[in-house]
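Computed from a predicted model, the values in this text were never measured in an experiment.
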2 protein chains.
Amino acid sequence: MQTVLVIDDDESLRDTIGVLLEQEGFNAVLVEDGREGFEKALLLKPDLVLVDLRLPGMSGVEICKQLRAARILTPIIVLSAVGDEVDKVLLLEIGADDYVVKPFGTRELLARIRALLRRTAPDAHKVFHFSDAEIDLDRRMVSRHGEELKLTPSEYNLLTYFLHNPDRPLTRDMILNSVWGYQSFPNTRTVDAHVVKLRQKLEPDPNMPRHFLTVHGVGYRFVP
Amino acid sequence: MQTVLVIDDDESLRDTIGVLLEQEGFNAVLVEDGREGFEKALLLKPDLVLVDLRLPGMSGVEICKQLRAARILTPIIVLSAVGDEVDKVLLLEIGADDYVVKPFGTRELLARIRALLRRTAPDAHKVFHFSDAEIDLDRRMVSRHGEELKLTPSEYNLLTYFLHNPDRPLTRDMILNSVWGYQSFPNTRTVDAHVVKLRQKLEPDPNMPRHFLTVHGVGYRFVP
DNA sequence: GAGGTATGTTAACAAATTGTTAAAGGATGC
DNA sequence: GCATCCTTTAACAATTTGTTAACATACCTC
């Protein structure tokens, strides 16, 4: 299991990211203070560091610099607020590998984390299967009977969320928070509409769902 | 067996790297003097050049420049001491492919050599084909139905990036970073404009792209 | 089974993304 | 300098996607 170190002083964001990462199968270590984060990065040897630009104790920039100076090559993603005057070049030069501007969609963040991990530690790319469907996350390709089928971005995001959280009932709120992100607030019915579409595209018989099950009064559950 | 040319005036380091390379199955050619190294790079056509920044005879920077000026595309890794004021961007601009700061771990050096060879070696004498198009990377020639067609530098760069990253969705940011480099900041729409041009020049039917596909909400994907 | 609530489904509109063109500015070569 | 080509971006068109309302159907409680 891969460990992600999250250094951010915004508690709610930190928790959001923490929950997200755990859901997606990562081991998340959450730290508030910059200096403490730096030390954890050294000791813990996480697989990836997610660090806010503005931090108490030690800035994100400083953390990057110090880690690289210590020849720690752990991939780093910098989080920055819209207001911050982010110098993209500077960030990359001091050793950051990528940066994300808040507010960001959680799916986007995840995609970047995955992309970065893949870039730095290429592993066997994972392909999910259920019934006659096949989902290749690296290629972002979904197919049935070997034929590719098109999913819209939100359909795809919803699908990956289900794939990473099988067998567990997921409330619409959980789904909205994870798939749509913390900055948008669509109606919970939007989830239903998208589940319908996933069923139509991926269920052998959309009228008798075998994989995208509804849990009455709760939400939905995906079983592979 | 792949040959690596090592140009460094530090004898002990040169030997260390030489032994390391031999152990790992490379053919290592060790040179002390800059000018001699440059000549060997021309004559020997090694698969990769490892060159120190400070050298007697001819500096590493000069070697890079001259090789590129002579249209020698051999991948180059520059070694630099901590003290050197290394301008990463400058190094990459003059044609170096990667750089490593001394002192470095041998494993890291090896990893970078392998990564670079993997990135560049498949190009050797390789000709790509799709539909009625043919791309010869060595000759930098693109043709359809045997007739040469002209691509602008950025069109060509974008094309080679697609060729090297087939099947996988590539975001506009990834494309910008890889093709334009992170020292320039064009609008992401610039990518779109160039994709349009590639389609016009290379797609059998530009209105129904079969190779340069858009992945809505994400970016583009090239399928050969 | 009745009533109330939850979910399925569809279509229409709004919003976002992408395609395309043209033109301004830059670079390059003569 | 001039002409030419290239890059970039603005602007608008075309397309795709997201969201929600509305109604239909299913489920649960009593």
Side-chain angles (χ1 to χ4, degrees), chain A residues 103-108 111 140 142 149-159 161 169-181 183-203 205-222, chain B residues 69 93 140 142 149-159 161 169-177 179-181 183-203 205-222:
Chain A
F104 45 79
T106 50
R107 285 286 120 180
E108 183 198 346
R140 203 189 166 93
V142 183
L149 52 87
K150 285 183 68 174
L151 295 194
T152 69
S154 43
E155 283 163 15
Y156 182 83
N157 290 339
L158 177 58
L159 175 59
Y161 181 60
L170 305 165
T171 69
R172 291 178 178 72
D173 278 333
M174 286 166 66
I175 295 171
L176 276 181
N177 279 327
S178 297
V179 177
W180 272 258
Q183 75 274 35
S184 68
F185 313 95
N187 197 306
T188 53
R189 297 306 311 278
T190 301
V191 175
D192 302 50
H194 279 84
V195 169
V196 168
K197 288 182 182 170
L198 278 188
R199 283 174 178 161
Q200 288 170 348
K201 295 189 178 181
L202 290 167
E203 286 282 0
D205 179 2
N207 294 327
M208 283 281 293
R210 299 179 55 78
H211 304 289
F212 303 95
L213 309 180
T214 111
V215 184
H216 205 93
V218 182
Y220 296 97
R221 185 164 60 111
F222 170 74
Chain B
E93 284 203 342
R140 205 186 168 90
V142 182
L149 54 85
K150 288 182 70 172
L151 294 194
T152 69
S154 46
E155 283 164 15
Y156 183 82
N157 290 339
L158 177 58
L159 174 60
Y161 181 59
L170 306 165
T171 68
R172 291 177 178 72
D173 276 334
M174 286 167 67
I175 295 171
L176 276 181
N177 279 328
V179 177
W180 274 259
Q183 67 271 33
S184 65
F185 313 93
N187 196 305
T188 53
R189 296 309 309 277
T190 300
V191 175
D192 302 48
H194 280 82
V195 168
V196 167
K197 288 182 182 169
L198 279 188
R199 282 175 177 161
Q200 288 170 351
K201 295 189 178 181
L202 290 167
E203 285 281 0
D205 179 2
N207 294 328
M208 283 280 294
R210 300 180 54 77
H211 304 289
F212 303 94
L213 308 180
T214 114
V215 183
H216 213 281
V218 181
Y220 295 97
R221 186 169 55 152
F222 171 74

Starting at the 5' end of DNA chain D and moving along, which residue's nearest nucleotide shows up first, His216(B) or Lys150(B)?
Lys150(B)
Quick one: is Thr190(A) getting a side-chain N or O under 4.0 Å of the dG18(D) phosphate, OP1 or OP2?
no
Can you measure Glu155(A) atom CD to dT19(D) atom P for me and round it to whole angstrom units?
12 Å
Check the distance between dT17(C)'s C1' and Asn157(A)'s CG and give it to me in whole angstrom.
15 Å
Of Lys197(B) and Arg172(A), the one whose closest DNA chain C nucleotide lies more 5':
Arg172(A)
Under a 4.0 Å threshold between the charged nitrogen and the carboxylate oxygen, would Arg172(B) count as salt-bridged to Asp192(B)?
yes
Arg199(A) side chain to Pro209(A) main-chain N or O, any donor-acceptor pair under 3.5 Å?
no
Look at Thr152(A) and dG18(D) and indicate whether a side-chain polar atom (N or O) is within less than 4.0 Å of OP1 or OP2.
yes
On the nucleotide dT7(C), are OP1 or OP2 found under 4.0 Å from the side-chain N or O atoms that Thr214(A) carries?
no
Candidates dG18(D), dT9(D), dC6(D) - which lies nearest the side chain of His194(A)
dG18(D)
How is Val191(B) classified with respect to the nucleic acid when contacts are heavy atoms under 4.0 Å: base, sugar-phosphate, or nothing?
nothing
Side-chain N or O of Trp180(A) less than 4.0 angstrom from OP1 or OP2 on dT19(D)?
yes
May I have the distance from Phe212(A) (atom CZ) to dT9(C) (atom P), rounded to whole angstrom?
14 Å
Between atom CG in Leu198(B) and atom P in dT18(C), what is the gap in whole Å?
17 Å
Whole angstrom is fine here: how far is it from CE in Met208(B) over to C1' in dT15(D)?
14 Å
Using a heavy-atom cut-off of under 4.0 Å over every strand shown, decide if Val215(B) touches base, sugar-phosphate, or nothing.
sugar-phosphate
Across the strands shown, which category fits Tyr220(B) at heavy-atom distances under 4.0 angstrom: base, sugar-phosphate, nothing?
sugar-phosphate
dG19(C), OP1 or OP2 - any side-chain N/O from Arg199(B) closer than 4.0 Å?
yes
Is Gln200(A) close enough to dT10(C) that one of its side-chain N or O atoms is under 4.0 Å from OP1 or OP2 there?
yes
By the definition side chain to side chain contact (heavy atoms under 4.5 Å, CB included), identify the one residue from Leu151(B), Thr190(B), Ile175(B) that meets it with Leu158(B).
Ile175(B)
Roughly how many Å is it from CZ in Arg189(B) to P in dA14(D), rounded to a whole number?
15 Å
Nearest-Å distance for atom pair CG/C1', residues Leu176(A) and dT20(D):
13 Å
Can you figure out which of dT17(D), dT9(C), dT7(D) approaches the side chain of Pro153(B) most closely?
dT7(D)
Closer than 3.5 angstrom, by distance alone: can the side chain of Glu203(A) be matched with the main-chain N or O of Leu198(A) as a donor-acceptor pair?
no
Test item: Gln200(A) side-chain N/O and Pro206(A) main-chain N/O as donor-acceptor pair under 3.5 Å
no
Report yes if a side-chain nitrogen or oxygen of Asn207(B) is closer than 4.0 Å to either non-bridging phosphate oxygen (OP1 or OP2) of dT20(C); otherwise report no.
yes
Identified side chain to side chain donor-acceptor pair (under 3.5 Å) partner of Glu155(A) from the options Lys197(A), Lys201(A), Lys150(A), His194(A)
Lys201(A)
Expressed as a whole number of angstroms, how long is the span from Leu213(A):CG to dT7(C):C1'?
14 Å
